[in-house]
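Each remark here refers to the structure printed beneath this line.
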Amino acid sequence: MESRAKLLGHPIHQMLIVFPLGLLGAAVVFDLVYFATDSPAFAIVSYWMIIGGLVGGAIAAPFGIIDWLAIPEGTRAKRVGRLHGGGNVLVLLLFLASAWMRADFPEQPGALAYVCSFVGAGIALCTAWLGGELVDRLGIGVSERADVNAPSSLRHDQPRAA
C-alpha cells in the first residue's frame, strides 16, 4: 500500500524521519565527546541537538500516524507499525525528559539526563529497524502490492516476498 501522505510523489514520513533520528543520534555522540573531553561546549551542542530532534519528531509523527491508520486491521504490518510508533513515542518522551533535566544547566547535565538519552537512542535503533521492516519487508508506504502479512526479515526459513 502506498503512503497516504505524499509530497511530489514520495512519502512524507520517510522524508522527515531522517532529521529526528540524525539529531537525536548526534546528541548521544556529542555527549560521548563531552565525556572524553570534558568540554562544556559539547554538552551544550547535545542539548540543542535534542531540542531539534524533538521538533523533528513532532513534525514527522503525524505523517506516520496517517500512514499507519491506512494499514488494514489484523495484519502483521499493523502490529509492527504499532510497535514502531509506540516505541518512537517512548523515544521522544525519554529525550524530552533528558532535555528538561538539562534545561537549567545544559553545559553540565546530570547522570539521569544521560541515562534517558542513551536508553532513548537504544530504543530508537529498535524502532528504526521496525520502520525498515515496514517499508523494506512489508512494502508499507511504497508499494501498491505490499504484503501486509510478510514474515519477519529475521526468519530465514521463509522466502522473501517479491
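Remember, it's a predicted structure, so these values are computed and weren't measured experimentally.
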Hydrophobic cluster membership, Leu32 vs Ile123, 4.5 Å side-chain cutoff: yes

Within one Ile-Leu-Val-Met-Phe-Trp-Tyr cluster: Ile44 and Phe30, side-chain cutoff 4.5 Å: no

Leu96 side, atom CG; Leu90 side, atom CG - distance, nearest 0.5 Å: 11.5 Å

Intermediate values then yes/no, side-chain contact (heavy atoms from CB on, under 4.5 Å), Ile51 and Trp48: CA-CA 5 Å; Ile51 298 300; Trp48 288 108; 4.0 Å; yes

Side-chain (Thr127) to main-chain (Ala124) donor-acceptor, under 3.5 angstrom: yes

Distance (rounded to the nearest 0.5 Å) between Ile50 CD1 and Tyr47 OH: 9.0 Å

Greater than 12 external heavy atoms within 6.0 Å of Phe118's CZ: yes

Check: Leu54 and Leu23 side chains under 4.5 Å, non-hydrogen atoms: no

Separation between CG of Leu112 and OH of Tyr114, rounded to the nearest 0.5 Å: 12.0 Å

Hydrophobic cluster identity match, Val89 and Ile66, side-chain contacts under 4.5 Å: no

Minimum heavy-atom distance between Asp104 and Pro106, given as atom pair plus value: C-CD, 3.6 Å

Pro20 versus Gly56, closest heavy-atom pair with distance: CG-C, 3.7 Å

Hydrophobic cluster identity match, Val91 and Leu130, side-chain contacts under 4.5 Å: no

ILVMFWY cluster, Val28 and Val45 together (side-chain gap under 4.5 Å): yes

Closest non-hydrogen atom pair between Ala60 and Leu16, with its separation: CB-CB, 3.8 Å

Phe63 side, atom CZ; Ile65 side, atom CD1 - distance, nearest 0.5 Å: 10.5 Å

Exceeds 12 heavy-atom contacts within 6.0 angstrom, atom CZ of Phe35: yes

Minimum heavy-atom distance Ala27-Met49, with the two atoms named: CB-CB, 3.8 Å

Minimum heavy-atom distance Cys116-Ala97, with the two atoms named: SG-CB, 4.1 Å

Closest contact, heavy atoms only, Ser98 versus Ala113: OG-O, 2.8 Å

Step-by-step side-chain contact (heavy atoms from CB on, under 4.5 Å) determination, Leu24 to Leu92: CA-CA 9 Å; Leu24 296 174; Leu92 291 176; 4.2 Å; yes

Test item: Phe95 and Ser117 side chains (from C-beta on) under 4.5 Å apart, heavy atoms: yes

Backbone N/O of Ile71 and side chain of Lys78: donor-acceptor pair under 3.5 Å: yes

Distance in Å, Leu83 CG paired with Glu133 CD, rounded so as to fall on 0.5 Å steps: 11.0 Å

Gln108, CD atom: more than 12 neighbouring heavy atoms under 6.0 Å: no

Interatomic distance, Arg79 atom CZ to Leu134 atom CG [nearest 0.5 angstrom]: 11.5 Å

Trp129 atom CH2, over 12 foreign heavy atoms within 6.0 Å: yes

